[in-house]
Amino acid sequence: MIGLNKKDFGLFLIVCFMALAAPILLNPFPVDSAMSDFNAGYPALMQKFAIFGIVVIGFNILFGLTGYLSFGHAAFLGAGSYAAVWMYKLLSFNVIFAIPASIIVAGLLSVVIGHISLRRSGIYFSILTLAFAQMSYALAYSVLTPITNGETGLQVYNNDPQVLMGEGALAEPHLFGLNLNNLTKVQVGGWEFTFEVGYYLCAIFLILAFYMSIRIFRSPFGMMLRAIKSNQNRLNYTGVSPKPYTLAAFIISGLYAGLAGGLMAAMDPLTGAERMFWTESGEIVLMSILGGVGTLIGPILGAGAIEYMSAIVSAITSADLKSWFGWLPDWLETIVIYVLYPFVGKGWHLTLGVVFMLVVIFLPGGLVEGGQRIGKLFSRKKPATAPGGSATPAE
Amino acid sequence: MKNSRFTRRGVLKTGAIGGAGLALPQYLRADGHAGFTNAPQGDTVKIGFNVPQTGPYAEEGLDELRAQELAVEHLNGMGDGGMLNTFSEKNLDGTGILGKKVEFVTGDTQTKSDVARASAQQMIEREGVIMVNGGSSSGVAIAVQGLCQEAGIIFMAGLTHSNDTTGKDRKANGFRHFFNGYMSGAALGPVLEAEYGNERQAYHLTADYTWGWTQQESIQTATEALGWGTVQNVLTPVGAGDFSSYIAPILNSGADTLILNHYGGDMVNSLSQAVQFGLRDRQVNGKDFQIIVPLYSELMAAGAGENIKGVFGSMNWNWQLQDEGTAAFTRSFGEKYGFPPSGAAHTCYVQTLLYADAVTRAGTFNPCGVAEALEGFEFDGLGNGPTLYRADDHQCFKDVLVMKGAENPTNAFDTLEIVEVTPRAQVEYPQDHPMFAGGDLGSCNPGA
């Protein structure tokens with residue numbers, strides 16, 4: 001159906017369902033319950049799930065299929081955001097201008113960076129992309145201040161031209177007058193679900209991005225990319241030049257990152273150079289590996305897991321720990337809190353590190369491999385050969 | 001035999017699903033519109049404290065947090081009440097705000113605009129805060145102020161000294177108690193003239209963001225009005241750590257005065273390194289080389305130690321002031337934490353009280369009502385003497401302190417001494433002054 005085989009279509013339906021029902025699925029605990037701190041169904045976080053899902057899906061087309069590990073994708077994200085904010089400043093707050101502009105600008109940047117970086121492979125390629133990303137960051141931070149507004153971050157002022165903005169038009173990002181910040185809260189018993197226009201815009205783009213990625217994975221072009229990963233020399237001997245394919249994959253992943261950057265600016269019309277910093281690029285790599293490199297759904301899982309930890313685990317305070325473990329005997333409570341405290345709040349990176357280590361050591365195929373192992377435990381069928389497109393171990 | 005279409009199981013299933021479907025609307029109800037974002041429900045109200053707990057301004061941020069916690073205690077009737085007793089308005093009686101107990105959540109801005117906005121957004125959407133207070137770094141304050149304007153939340157700016165916060169980037173939902181770069185220049189000018197004369201050559205090192213830019217512009221204008229020359233203005237990245245490569249060129253530049261438009265950990269590093277390079281022992285153009293730090297704080301003075309002696313700067317407030325409000329705040333802060341509060345702490349404490357008072361006077365948490373109560377509001381007893389919240393740009397006008405690094409501090413806390421209390425009239429400016437022009441408050445936004 002719609003150009004997908006039955007299995008992929010099933011996967012696609014699952015992603016559609018997850019994306020569209022996220023406001024409900026991510027709020028499993030009633031508002032007043034003790035567990036409500038673990039609810040993730042509020043717009044700002046759901047938007048991040050979707051936006052980083054898109055970045056990592058794109059990144060996975062490059063890293064998962066060709067094996068080229070780019071450490072500079074945050075540069076495309078940042079460039080996309082800057083382009084979108086400039087569209088707000090020059091034309092209007094309608095995201096119909098901002099999002100295409102962000103994709104185009106990120107695409108152009110990826111042509112330049114890709115063309116140069118892809119002259120090398122392996123670790124040299126990684127370092128080149130890292131260098132380009134850091135150069136972009138430095139340019140945005142201080143050199144190109146008139147364009148990027150430096151450390152302050154680029155934002156829209158009341159005296160900007162905004163030539164296409166009519167009198168009394170919305171002064172916030174909107175889609176043909178539909179304010180992206182509009183939201184409806186629905187209460188069902190003790191539960192509360194928030195449906196926001198902005199999130200659904202991101203979700204639709206996530207679904208489109210995912211669909212495109214399946215089609216690329218299953219196409220002859222995708223097969224060629226896999227060939228590059230498995231043995232580039234063999235390709236050279238058969239007379240095929242891998243460069244056009246890797247460059248195309250690089251640009252596609254750059255376009256995905258640009259789209260995500262544009263969506264970020266659509267959710268919040270301000271952008272700063274921090275978005276291009278190398279730690280952001282590193283986070284994209286982490287998401288990709290955590291979820292499962294080279295798998296279809298892995299990127300979404302990885303992005304979700306990391307964003308969830310950065311928002312929820314980092315918000316746990318020592319007072320929360322005390323209230324959870326208050327029932328323990330005093331001496332035991334003190335020990336438990338002493339042990340756990342470094343892993344929550346500001347120390348959430350420690351939790352992330354531990355989870356990452358566990359996944360890489362025990363589930364080299366990422367969270368997807370974990371899911372498959374659980375699936376096998378309960379399946380009645382004899383474990384068959386892994387279906388196409390499933391886990392390929394991280395390199 | 002023909003199978004009946006209606007199996008017992010089928011009927012039960014359909015019935016159950018249909019029944020549930022029909023019953024659903026009874027449970028569903030769209031959230032009632034209270035008329036503004038995050039209208040407090042029940043008997044508590046939540047406010048958000050968004051300060052840097054890591055990064056170059058972390059010291060200031062942590063001190064702000066201490067003061068904010070103290071303010072919440074006082075609003076809820078715990079402790080000795082602090083400035084509630086000296087405040088010229090007597091609406092706050094220790095029962096919270098409008099009878100609702102005050103709760104708070106905190107966030108770490110990391111001194112980065114992007115992170116600060118994400119943190120504020122989380123507070124607004126997830127925690128349902130009605131007001132955000134904080135800052136430290138004008139870039140962050142301006143970014144969060146813009147967010148609060150869109151979300152329909154009041155932003156009570158903390159430590160932000162850029163002219164832009166209530167100038168080019170002013171917003172109807174944002175209010176600033178702290179002073180700004182222009183005021184520092186206007187206050188420092190006469191003192192510098194008396195101390196250092198009219199023939200100096202100044203070299204500026206400036207933090208590369210809105211605060212640094214506007215403060216540098218203000219100080220340059222003020223010193224050039226005295227007849228000083230400006231040799232060069234060099235922009236340095238925030239959080240650079242090592243400033244030696246910026247300081248070495250000063251030695252042969254012909255400048256006899258160094259103006260450090262740096263703050264927090266950056267200022268501690270750049271001042272210490274300037275002293276290590278022997279700048280203060282030099283003679284240039286027949287004069288002793290001098291260093292000026294236009295914006296001071298106790299925490300920076302403590303960090304810079306010996307190096308700060310005799311260095312001039314300005315402050316919004318200092319705990320050594322002699323008025324009743326200052327004494328009350330310094331006492332309750334000191335009793336709780338064991339040391340006197342910084343200027344950053346004071347401004348955040350006062351902003352929290354001012355917000356609570358404005359809500360009480362307005363009789364509503366609606367941001368538009370609160371904004372109206374704050375606009376043109378005159379008050380006293382909060383440590384700065386008679387103060388005005390100007391309606392045109394939401395900037396407070398009050399006396400400014402000119403400070404000097406103490407030559408002979410008697411204890412660890414009086415590292416700065418007050419040289420002069422510059423009267424409010426001397427630091428006032430029209431709201432469309434060129435350094436503040438181009439701004440537009442817009443109209444107040446109550447959100448959903």
Side-chain angles (χ1 to χ4, degrees), chain A residues 31 36-37 39-48 78 81 138 141-142 145 149-159 171-173 179 181-196 264 267-275 277 280 310-312 314-315 317 345-346, chain B residues 24 27-32 53-54 105-108 110-128 137-140 142-143 146-147 149-152 162 164 168-170 207-213 235-239 437-442 445 447-448:
Chain A
V31 181
S36 68
D37 279 350
N39 278 341
Y42 60 98
L45 185 56
M46 292 191 296
Q47 288 161 5
K48 278 192 163 175
S81 288
Y141 193 91
S142 51
T145 309
N149 210 13
E151 198 267 352
T152 313
L154 191 63
Q155 54 181 307
V156 184
Y157 295 119
N158 292 334
N159 56 359
E172 300 173 48
N179 189 339
N181 284 330
N182 274 355
L183 49 84
T184 314
K185 288 189 177 176
V186 174
Q187 283 170 344
V188 182
W191 285 266
E192 183 178 86
F193 305 118
T194 310
F195 300 92
E196 198 211 26
M264 268 188 174
M267 300 305 116
D268 181 3
L270 173 139
T271 181
E274 299 103 28
R275 252 170 229 185
F277 201 59
E280 301 294 311
S310 96
I312 305 293
S314 72
T317 62
K346 264 183 283 178
Chain B
L24 199 59
Y27 282 94
L28 295 179
R29 71 179 169 82
D31 198 30
Q53 301 177 38
T54 50
V105 290
T106 66
D108 181 7
Q110 300 176 17
T111 329
K112 292 179 186 159
S113 312
D114 239 20
V115 179
R117 273 172 85 97
S119 161
Q121 201 160 29
Q122 182 156 343
M123 285 179 177
I124 294 167
E125 289 184 359
R126 183 162 178 249
E127 312 285 355
S137 176
S138 292
V140 166
I142 288 170
L147 180 92
Q149 175 74 35
E150 284 156 27
S162 168
D164 290 346
K168 177 165 76 63
D169 296 312
R170 64 182 78 151
D208 190 3
Y209 72 104
T210 172
W211 168 67
W213 305 334
L235 299 175
T236 63
V238 180
D440 177 9
L441 278 179
N445 176 17

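Chain identifiers are assigned alphabetically (A, B, ...) following the order of the sequence lines, protein sequences preceding nucleic acid strands; residue numbering begins at 1 within each chain. These numbers were taken from a predicted model, which means no experiment stands behind them.
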Contacting region of [X] [heavy-atom separation from chain B under 4.5 Å]:
X         : value
Asn179(A) : neither
Asn182(A) : neither
Thr145(A) : side chain

What residue in Pro269(A), Ala315(A), Ser142(A) has the most heavy-atom pairs under 4.5 Å with chain B?
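Top count of heavy-atom pairs under 4.5 Å with chain B: Pro269(A).
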Find the one option among Thr271(A), Asp37(A), Asn39(A) whose heavy-atom pairs under 4.5 Å with chain B are most numerous.
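Option with the top pair count is Asp37(A).
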Under 4.5 Å from any heavy atom of chain A - which part of [X]:
X         : answer
Trp213(B) : side chain
Ile124(B) : neither
Ser119(B) : neither

Just by distance, with hydrogens left out, do [X] and [Y] show a side-chain donor and acceptor under 3.5 Å apart?
X         : Y         : answer
Gln47(A)  : Glu196(A) : yes
Glu172(A) : Asn181(A) : yes
Thr236(B) : Asp208(B) : no
Thr210(B) : Ser162(B) : yes

Side-chain donor or acceptor of Glu125(B) paired with backbone N/O of Ala44(A) under 3.5 Å:
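Here the side-chain-to-backbone pair exists.
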Among Arg117(B), Lys112(B), Gln121(B), which has the most heavy-atom pairs under 4.5 Å with chain A?
Arg117(B)
Taking the side chain as every heavy atom from C-beta outward, state whether Tyr141(A) and Pro237(B) have any pair of such atoms under 4.5 Å apart.
yes
Closest non-hydrogen atom pair between Ala118(B) and Lys48(A), with its separation
CB-NZ, 4.3 Å
